[in-house]
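Whatever order the structure lists ligands and atoms in, that order sets their numbers, starting from 1.
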Amino acid sequence: MRLSVIGCGYVGLVTGACLAEAGHEVVCTDIDGERIAKLNAGGVPIYEHHLDQILASAHKAGKISYTADAGQAIRSGDAIFICVGTPPKDSGEADLSAIDNVARQIAAEAKSPKLVVEKSTVPARTGLELSRALAAYSKKSDVKFRVASNPEFLREGTAVADFFHPDRIVVGVEDPSSAAELREIYRPILERSFRCPVHNGTCPPGRKAEFLVTTINSAELIKHASNSFLALKISYANVIADLCEKIGANVEEVTHAMGLDARIGGQFLKAGLGYGGFCFPKDVQAFIHLSASVGVDFDILKATERVNKQRIDRFFEKIRQALWVVKGKRVAVLGLAFKANTDDIRFAPALEVVKRLLEEGAVVHATDPEGMPRTKALFPQVHYHEDAYQALQDADAALVCTEWDVFRKLDWDRAGKLMARKLVIDGRNLYMPQGMREKGFEYYSFGRD
Ligand code: UDX
């Protein structure tokens with residue numbers, strides 16, 4: 001099928017690339033002309049595992065193209081995927097102005113009927129507004145639009161694999177024909193009828209994805225409800241960690257046993273510095289805001305958010321307790337990205353840690369396999385190192401902020417010899433406390449002795 005993707009960020013590029021790889025003809029557009037130029041020159045503007053490979057193969061097969069001319073992109077597709085940003089306003093409410101702009105553009109540019117699919121995370125009832133905007137602004141052309149919601153559940157870092165192996169594909173529609181069209185778009189993925197590039201065509205058997213047809217309002221709610229629930233699980237584990245510290249229990253023993261109960265599940269129970277990224281913090285806020293706007297008090301989510309914000313305070317309590325005076329201390333920050341395997345630093349807990357360290361007068365040395373270029377622009381006063389051992393040289397403390405594998409595998413005997421003081425404060429519970437102490441380190445983590 002011929003598809004258009006509006007917005008070439010994380011969601012748009014992964015969606016466009018994967019749908020092209022699955023055999024569709026995809027035209028991508030973005031208001032950022034430089035981004036389109038880079039894509040046209042064979043570059044990839046973001047780091048996402050496997051994305052470069054898929055874009056290259058789709059490009060070679062002539063299945064994907066990029067244009068800065070939104071009108072051309074809009075006219076070329078039978079279905080248009082809206083993948084533009086919905087950042088939070090100061091109030092926590094989602095800013096839908098980019099969606100509104102795109103809606104008006106589609107209405108103005110389309111010359112034939114279109115299925116307009118919202119993929120960006122949006123509050124419930126956005127689909128209704130989208131329908132209204134499309135109808136209102138297409139008065140002159142008489143083109144008919146159908147609207148659908150098709151939320152993404154992609155994790156950064158594994159987004160390509162997630163796209164090809166989803167647990168569920170949710171489509172919120174107004175009519176059966178939209179559902180049929182979306183089923184056709186996703187047929188190669190539902191039937192696994194193409195060579196999956198992530199596993200070279202030898203995908204692990206796994207469960208087949210469920211294709212769920214719902215109302216548009218339900219589909220929109222499913223996205224927010226899912227992400228908020230995962231955030232809630234993390235905050236829950238973090239409170240258990242605090243409790244473990246007070247009581248003298250081990251959070252990993254507790255959450256491991258909890259997770260073995262199939263009703264609970266073992267994922268997203270990792271205690272530490274808490275969640276960051278461009279999804280959870282804003283989705284939780286937007287969900288609280290949406291609930292309040294319809295008179296439903298979502299108190300549990302307010303607590304989820306509060307607990308998450310307090311993680312940085314808890315980390316700093318540990319830093320202060322260990323270092324006594326922070327001012328003038330040389331501190332190595334290991335990890336800047338909001339999680340491992342991404343260069344995304346948006347709402348990364350590490351950035352808040354860096355900010356507070358600088359405010360308190362620490363000398364900050366930092367390293368991250370992918371997150372440094374973006375962080376440099378925000379914190380030019382930090383000393384950046386490609387190599388973790390260089391960052392640890394003469395450090396009074398190492399602070400682990402992101403769960404990168406390279407940090408998990410660090411040789412602490414070697415690092416210990418380089419550091420001014422053998423002190424590790426681990427915000428991601430990467431190491432065994434006993435093992436670190438045997439190496440002669442003062443070691444602090446979350447919820448374990
Ligand atoms: C999330 C959702 O998982 C995805 O389905 C949705 O479409 C987009 O938002 P992502 O933002 O890529 O994906 O990050 P995710 O892997 O879910 O992690 C979010 C944050 O929670 C990270 O900062 C991570 O370090 C933290 N986290 C995760 C924990 O602190 N503990 C855990 O147990 C799991």
Separation between CG of L323 and CZ of R330, rounded to the nearest 0.5 Å:
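Reported to 0.5 Å precision, the distance equals 14.0 Å.
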From W412, F407, Y444, residue fulfilling ring-ring contact (aromatic ring centres under 6.0 Å, His included) relative to Y431
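When W412, F407, Y444 are each tested with Y431, the ring-ring contact (aromatic ring centres under 6.0 Å, His included) holds only for W412.
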Taking everything shown except H256 itself, do over 12 heavy atoms lie less than 6.0 Å from its NE2?
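Not more than 12 within 6.0 Å, no.
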What does the list of residues with a heavy atom under 4.0 Å from ligand 1 look like, ordered by chain and number?
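Under the 4.0 Å cut-off, ligand 1 touches E152, F153, L154, R155, E156, K223, N227, I234, F268, L269, K270, G274, Y275, G276, C279, F280, F338, K339, E403, R428.
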Will you find, in the side chains of Y389 and D411, an N or O donor that is under 3.5 Å from an N or O acceptor?
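Result is no, nothing qualifies.
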Can you find a side-chain donor-acceptor pair between D175 and S178 that sits under 3.5 Å?
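The criterion, which ignores hydrogens and geometry beyond distance, is satisfied for S178 and D175.
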Can you list every pair that meets side-chain hydrogen bond (donor to acceptor under 3.5 Å, both in side chains) and has a residue in residues 264-283, with sequence neighbours left out?
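Residue pairs with at least one partner in residues 264-283: T86-K282, N227-D283.
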